[in-house]
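What follows is a short report on a single structure.
The sequence lines fix the lettering, A, B, ..., with proteins before strands; numbering per chain opens at 1. No hydrogens, no waters, no symmetry mates; every other heavy atom, side chains included, goes into these values.
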There are 2 protein chains.
Amino acid sequence: MATFIGDYTCKVDVKGRIILPMAFKKQMPADARDHFVVRKDIFENCLVLYSIEDWNRQLEKIRARINPYNREHNKFLRNFFKGTAELSLDNSNRMLIPKKLLDLIEAKRDVVLAGQDGRIEIWAADIYEKIGMPADEFANLAEKLMGGAINEIEE
Amino acid sequence: MATFIGDYTCKVDVKGRIILPMAFKKQMPADARDHFVVRKDIFENCLVLYSIEDWNRQLEKIRARINPYNREHNKFLRNFFKGTAELSLDNSNRMLIPKKLLDLIEAKRDVVLAGQDGRIEIWAADIYEKIGMPADEFANLAEKLMGGAINEIEE
DNA sequence: CCACTTTCCCCCACTTTACGCCACTTTTTT
DNA sequence: AAAAAAGTGGCGTAAAGTGGGGGAAAGTGG
């Protein structure tokens, strides 16, 4: 499984294509470097780009917990898939992002592709500059989620 | 099994035919690309298009839980099969949707074919634009169904 | 049951649109 | 300075859309 590290400012061209930074491509296994799924993030005003591997992993998790014959689960599934798109890199290493997804995150020209473990977030560049938490708030959250004695973590 | 990703606006022609977007066809195994079952969705005002593979899988699930000699089960079965139709793609990659199913979902000219895991939903385009949950409501539902600490998920 | 009529569906041809390919330029990295 | 990466833009074809014709299927009546 890929791990994406780093954030990169990129341009959206007039046809809605973005070049995938080579650094990200190099962080992927050789046989799975040009196939992605993109969708709107659940919590934030950005897109999430999944490698097809990670997408399939997310899908397995969802299939394990979601029953389409349950009304509420059905609704979750529909909203999860709404506005997804499957992407491939072209020979110039670009991917064509559906205009309606770019519009959803108010991206016009400059975007940031931000690695986040197994996925890449795509932000309008101006919005990305504003998103950080205050340092002390993040420190508290980090301790809450990851703090505790080392044995607790490895259990 | 196919996984359908992406949503596409398509036209219904005067004979009730819809072109299956090539992206969906490419998401299917080569030997099962032109055979579908369509029926009205259980919960929402849309149609569901099953690949024949996925239809058979749903049928197995149903056979495992539904006993036609039980009156209530019998009623479920009759309603589940009511208004189903088997479809094939023609040489122009179109499928003929029964007019009464198009009428059921108030589809006239513009429809959306929305991939959702193993199935494709067909919506009147104007209705599809209105179905999304507000972002925070969907975030809450996602957290409710898929959230929790990491150990809960992996259990 | 069969012949005839009507309807509808599949095939095919043509047009329009959009997307992938490719070449070239500029910028960044080595 | 050279190589690699990012950016730009035009062309050709795949895909989507449109529409008509002929024959298969459905319907009707004797």
Side-chain angles (χ1 to χ4, degrees), chain A residues 4-28 30 33-38 49 52 84-103 107-115 120 122-125 128, chain B residues 2 4-28 30 33-38 49 83-103 107-115 120 122-126 128:
Chain A
F4 296 108
I5 300 166
D7 51 33
Y8 301 87
T9 300
C10 305
K11 303 281 192 189
V12 183
D13 77 10
V14 301
K15 295 171 181 174
R17 298 175 298 195
I18 302 172
I19 297 173
L20 182 74
M22 280 303 280
F24 283 147
K25 198 168 183 183
K26 286 171 175 170
Q27 288 164 6
M28 301 177 76
R33 279 180 171 172
D34 64 354
H35 193 181
F36 296 88
V37 175
V38 66
L49 194 65
I52 198 65
T84 49
E86 190 175 22
L87 309 177
S88 287
L89 298 181
D90 69 11
N91 281 354
S92 308
N93 224 41
R94 282 177 299 204
M95 50 196 172
L96 178 62
I97 311 288
K99 186 180 188 318
K100 64 180 183 266
L101 290 181
L102 291 172
D103 289 345
K108 298 191 183 48
R109 182 78 169 118
D110 294 299
V111 291
V112 173
L113 272 63
I120 297 168
I122 304 177
W123 293 84
Y128 189 70
Chain B
F4 296 109
I5 301 166
D7 46 36
Y8 301 88
T9 301
C10 304
K11 302 280 190 190
V12 183
D13 76 9
V14 300
K15 296 169 181 173
R17 297 176 299 194
I18 302 173
I19 297 174
L20 182 74
M22 281 303 280
F24 282 148
K25 198 169 182 183
K26 286 171 176 168
Q27 288 164 5
M28 301 177 77
R33 279 182 170 170
D34 65 353
H35 194 181
F36 297 89
V37 174
V38 66
L49 195 65
T84 48
E86 194 171 15
L87 308 178
S88 288
L89 298 181
D90 69 11
N91 280 355
S92 306
N93 223 42
R94 284 177 298 205
M95 51 196 171
L96 179 64
I97 311 289
K99 187 179 186 324
K100 62 178 185 268
L101 290 179
L102 290 173
D103 289 345
K108 298 192 183 46
R109 182 79 168 116
D110 294 300
V111 290
V112 173
L113 271 65
I120 297 168
I122 303 177
W123 292 84
D126 54 341
Y128 189 69

- Among Val111(A), Val12(A), Ile122(A), the one residue meeting side chain to side chain contact (heavy atoms under 4.5 Å, CB included) with Ile97(A): Ile122(A)

- Note on the structure: From the list Asp110(A), Leu113(A), Thr9(A), Asp7(A), side chain to side chain contact (heavy atoms under 4.5 Å, CB included) with Tyr128(A) holds only for Asp7(A)

- Taking all non-hydrogen atoms of both residues into account, name the closest pair between Asn93(B) and Lys25(B) and its distance. OD1-NZ, 2.9 Å

- Note on the structure: On a heavy-atom basis, the closest approach of Tyr8(A) and Pro21(A) is CB-CG, 3.8 Å

Enter the distance from [X]:[atom1] to [Y]:[atom2] here, rounded to the nearest 0.5 Å.
X: Leu49(B); Y: Phe4(B); atom1: CG; atom2: CZ; result: 7.0 Å
X: Met28(A); Y: Ile52(A); atom1: CE; atom2: CD1; result: 9.5 Å
X: Cys10(A); Y: Asp13(A); atom1: SG; atom2: CG; result: 12.0 Å

- Quick one: how far along DNA chain C does chain A reach, first to last nucleotide 5' to 3', anything under 4.0 Å to a heavy atom? dC19(C) to dC22(C)

- Task: Heavy atoms under 4.0 Å is the rule here; annotate nucleotides 10-21 of chain D 5' to 3' with B where the base is hit, S where only the sugar-phosphate is, and - elsewhere.
- Result: BB---SSBBBBB

- Task: Run the numbers on Met95(B) and Val38(B) for side-chain contact (heavy atoms from CB on, under 4.5 Å), then give the verdict.
- Result: CA-CA 11 Å; Met95(B) 51 196 171; Val38(B) 66; over 6 Å; no

- Message: Is it true that, when you exclude Lys100(B) itself, more than 12 heavy atoms of the residues, nucleotides or ligands shown sit nearer than 6.0 Å to its NZ?
- Response: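 It does not: Lys100(B) NZ has 12 such atoms or fewer within range.
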
- Query: Quantified as the angle between the terminal helix axes (five pairs each), what is the overall bend of the helix from dC1(C)-dG30(D) to dT30(C)-dA1(D) to 10 degrees?
  - Reply: 50°

- Determine whether Phe36(A) and Leu20(A) make a side-chain contact, defined as any pair of heavy atoms from C-beta on separated by less than 4.5 Å. yes

